Participant: 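So that we are looking at the same thing, I have put the structure below in structure tokens.
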Amino acid sequence: MTNYKPPSIDEVKNACQQAGYDLPDEEIHYQHQSAIGMIDSLNILQNYEVQATIENREVGEAPKPEANTHNQWAWRCNIQRSTSGKLANKKIGVKDCVAVAGVPMQAGCAGIVDYIPSYDSPCITSLLDEGVIITGKLNCENVCFSAYSHTSCNGDVMNPYNKKKTAGGSSSGSGVCVALGDVDMAIGTDTGGSVRIPSNFCGVVGMKTTTGLISTKGVTPCMTSLDTIGPLTKSVKENALFLEVMSKSNNYVQHLLGNCSYSEGIDNGIKGMNIAVLKEGFEFQNSDPEINNIVKACVRKMSDLGANVEEISIPEVKYGAHILVVHFFEATHWLEDHLCPKGQKTLRFEIKNHFKDQNKLSHYAKSATLLRYFLKEDEADDIWEHAEDITEILKRKYVQNLKHFDAICVPTVPAKSPDLPLKGLPLLEQFPAMLPIANNTCLANITGHPALTVNCGFTSQDMPVGILLTGKYFDEKTLYRIGRAVEQLQS
């Protein structure tokens with residue numbers, strides 16, 4: 001690796017001027033010596049080479065069309081480190097933005113060329129240690145920037161209940177693979193709803209974990225302060241079991257929480273538990289009456305099981321999707337400053353050496369990168385601070401309400417599954433606004449709380465509907481207990 005060059009005394013003077021410092025010669029000399037020491041530290045780090053951990057792995061192959069009926073797979077492989085463990089021989093699929101060493105990764109974008117990670121994401125390591133078989137990478141939306149399922153460079157991902165409908169995104173292939181029974185569990189990532197939206201549209205169980213519970217190293221970032229990893233499964237019990245293993249990927253959190261048994265007490269029922277119904281979560285402009293009625297019917301059944309149900313109001317939730325737009329500044333930082341053919345090779349950023357063409361970004365991703373050009377720097381700073389102020393109000397109100405309630409519930413997605421757009425339509429019709437789809441899901445990303453979606457019924461068109469349960473920080477266990485009760489109501 002190339003060493004960093006320490007600055008000359010003139011470069012230090014220039015830097016001081018740019019920073020607005022008016023320093024006497026003695027302090028400039030001090031800053032020069034300080035800079036030499038700091039650069040020396042950077043070079044010491046730079047010269048330590050982190051060894052890749054690729055084992056004897058076959059790269060695998062592109063999926064065969066006959067086994068890729070809904071375009072759910074991006075790549076097929078067969079990787080198993082151990083035949084014993086808590087998840088021995090369970091088949092899993094990995095969203096194609098999560099690094100698996102030795103297996104091609106494209107994050108749904110044709111601009112990423114010939115990228116084969118040299119490291120496993122920590123959550124992959126945790127799962128392999130417990131005996132899983134990784135059977136492939138799953139299609140995802142272009143750099144994970146869509147709530148629909150038609151932006152991947154590999155083509156549309158089709159809904160398992162109706163091929164003409166969206167499967168939801170950005171973990172589109174993850175939702176479809178689980179629903180079709182191709183895998184026992186799929187890994188997804190969730191920045192504004194990208195685990196829960198496809199789980200909703202595909203009728204499976206999806207968990208957006210407490211922010212920070214699972215390490216996001218080795219994941220193509222979207223909006224780093226909001227990014228999370230979560231499991232998608234057919235059943236609530238399976239989801240809890242997989243999370244018990246995946247949560248071991250963050251050593252610091254694991255040390256604080258200990259070994260979490262998320263499935264413990266999962267069948268204890270919900271009698272005596274307190275469930276809040278968030279009024280505003282049913283009142284968005286795109287809220288569909290049939291969806292609302294299905295979710296409210298589920299809530300009434302929960303009351304029949306002995307849960308104490310009460311309506312609450314948090315008016316600020318209507319600003320959630322708009323706050324998400326402000327976080328596009330983070331996406332801009334990643335897409336423009338890191339997805340470029342330069343820089344050092346690291347677990348998180350080695351992908352940037354393989355990003356060759358920004359024109360291959362989806363229309364949605366391009367929109368996000370353009371936002372910062374429409375605001376002056378001080379305007380961007382002001383709206384960021386204002387969004388953070390509203391975020392703190394939202395966090396405080398969620399925390400206050402969750403002191404009295406075990407979970408807060410809303411429809412996972414307020415609207416019905418839209419059709420996949422036909423090619424050749426005007427772009428405004430091919431790429432409709434995606435924020436309304438995330439009106440409810442984005443809230444847990446903004447506040448950092450865990451949120452679980454479970455199927456609670458079907459529309460008159462036989463499309464699945466999910467109920468979204470949001471709980472206390474690091475209390476996924478309670479959400480699984482409530483989700484298990486909801487699941488049993490459908491059987």
Side-chain angles (χ1 to χ4, degrees), residues 141 144-151 157-162 164-172 174-176 178-179 188-208 228 230 232 277-299 317-318 320-322 324 364 407-421 431-446 449-470 479 483 486 490:
E141 298 312 293
C144 305
F145 217 89
S146 174
Y148 302 109
S149 65
H150 63 281
T151 69
V157 178
M158 294 166 275
N159 190 290
Y161 285 87
N162 183 337
K164 294 182 179 180
K165 298 282 187 183
T166 185
S170 64
S171 307
S172 42
S174 301
V176 174
V178 170
T189 62
D190 195 311
T191 303
S194 288
V195 163
R196 292 158 293 152
I197 292 170
S199 294
N200 174 84
F201 288 141
C202 296
V204 301
V205 179
M207 173 66 86
K208 181 268 166 192
T228 60
L232 296 85
V277 179
L278 180 57
K279 176 177 175 287
E280 288 80 10
F282 295 78
E283 296 178 343
F284 292 106
Q285 190 173 351
N286 68 327
S287 290
D288 185 277
E290 186 180 12
I291 300 289
N292 282 350
N293 289 336
I294 290 169
V295 174
K296 287 178 179 178
C298 176
V299 172
V317 302
K318 66 184 177 184
H322 305 300
L324 198 61
Y364 292 130
I408 298 171
C409 70
V410 292
T412 304
V413 177
K416 292 177 180 176
S417 174
D419 292 339
L420 287 166
F431 297 90
M434 65 175 176
L435 288 174
I437 292 289
N439 270 332
N440 278 328
T441 54
C442 72
L443 296 165
N445 298 92
I446 291 164
H449 289 87
L452 176 72
T453 182
V454 183
N455 178 257
C456 68
F458 290 83
T459 68
S460 55
Q461 297 177 317
D462 294 323
M463 297 300 293
V465 176
I467 185 171
L468 186 65
L469 305 163
T470 301
L479 294 183
V486 171
Q490 310 311 310

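A quick note: this is a predicted structure, and the numbers were derived from the prediction, not measured.
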Participant: Enter the distance from H449:NE2 to L469:CG here, rounded to the nearest 0.5 Å.
Facilitator: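 Between atom NE2 of H449 and atom CG of L469 there are 14.0 Å.
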
Participant: Taking atom CG of L278 and atom CG of L443, what is their separation to the nearest 0.5 Å?
Facilitator: 7.5 Å

Participant: For the atom pair CG (N440) and CD1 (I467), what is the distance rounded to the nearest 0.5 Å?
Facilitator: 11.0 Å

Participant: Looking at every non-hydrogen atom in both residues, tell me the closest pair between H322 and K318 and how far apart they are.
Facilitator: CD2-O, 3.4 Å

Participant: How long is the straight-line distance from OG of S417 back to CD1 of I291, given to the nearest 0.5 Å?
Facilitator: 9.5 Å

Participant: Between atom CD of E280 and atom CG of N439, what is the distance when rounded to the nearest 0.5 Å?
Facilitator: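 So the gap between those two atoms works out to 12.0 Å.
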
Participant: Please check: side-chain N/O of S149 versus main-chain N/O of V157, any donor-acceptor pairing under 3.5 Å?
Facilitator: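 Looks like yes, one N/O pair under 3.5 Å.
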
Participant: Using distance only, find each side-chain donor-acceptor pair of residues 409-416 under 3.5 Å and give its atom names and separation, not counting sequence neighbours.
Facilitator:
| unit_1 | atom_1 | unit_2 | atom_2 | d |
| --- | --- | --- | --- | --- |
| T412 | OG1 | T453 | OG1 | 2.7 |
| T412 | OG1 | G466 | O | 3.2 |
| T412 | OG1 | L468 | N | 3.4 |
| K416 | NZ | E290 | OE1 | 2.6 |

Participant: Which heavy atom of G188 sits nearest to which heavy atom of V195, and what is that distance?
Facilitator: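 The pair with the smallest heavy-atom distance is C-CG2, 3.6 Å.
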
Participant: Which atoms form the tightest heavy-atom contact between S287 and N292, and what is the distance?
Facilitator: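 Smallest heavy-atom distance, with atoms named: CB-ND2, 4.0 Å.
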
Participant: With side chains defined as the heavy atoms from C-beta onward, is the minimum distance between K165 and L420 less than 4.5 Å?
Facilitator: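 Side chain of K165 against side chain of L420, heavy atoms only: no contact under 4.5 Å found.
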
Participant: To the nearest 0.5 Å, tell me how far D190 CG sits from I197 CD1.
Facilitator: 7.5 Å

Participant: Using the six-membered ring wherever Trp is involved, compare the ring planes of H150 and Y364 and label them parallel, tilted or perpendicular (cut-offs 30° and 60°).
Facilitator: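 Aromatic pair H150/Y364 classed perpendicular.
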
Participant: Could you check if a side-chain atom of F201 sits within less than 4.5 angstrom of a side-chain atom of T166, using non-hydrogen atoms only?
Facilitator: yes

Participant: I need the minimum non-hydrogen distance between C298 and V486, along with the two atoms involved.
Facilitator: SG-CG1, 3.8 Å

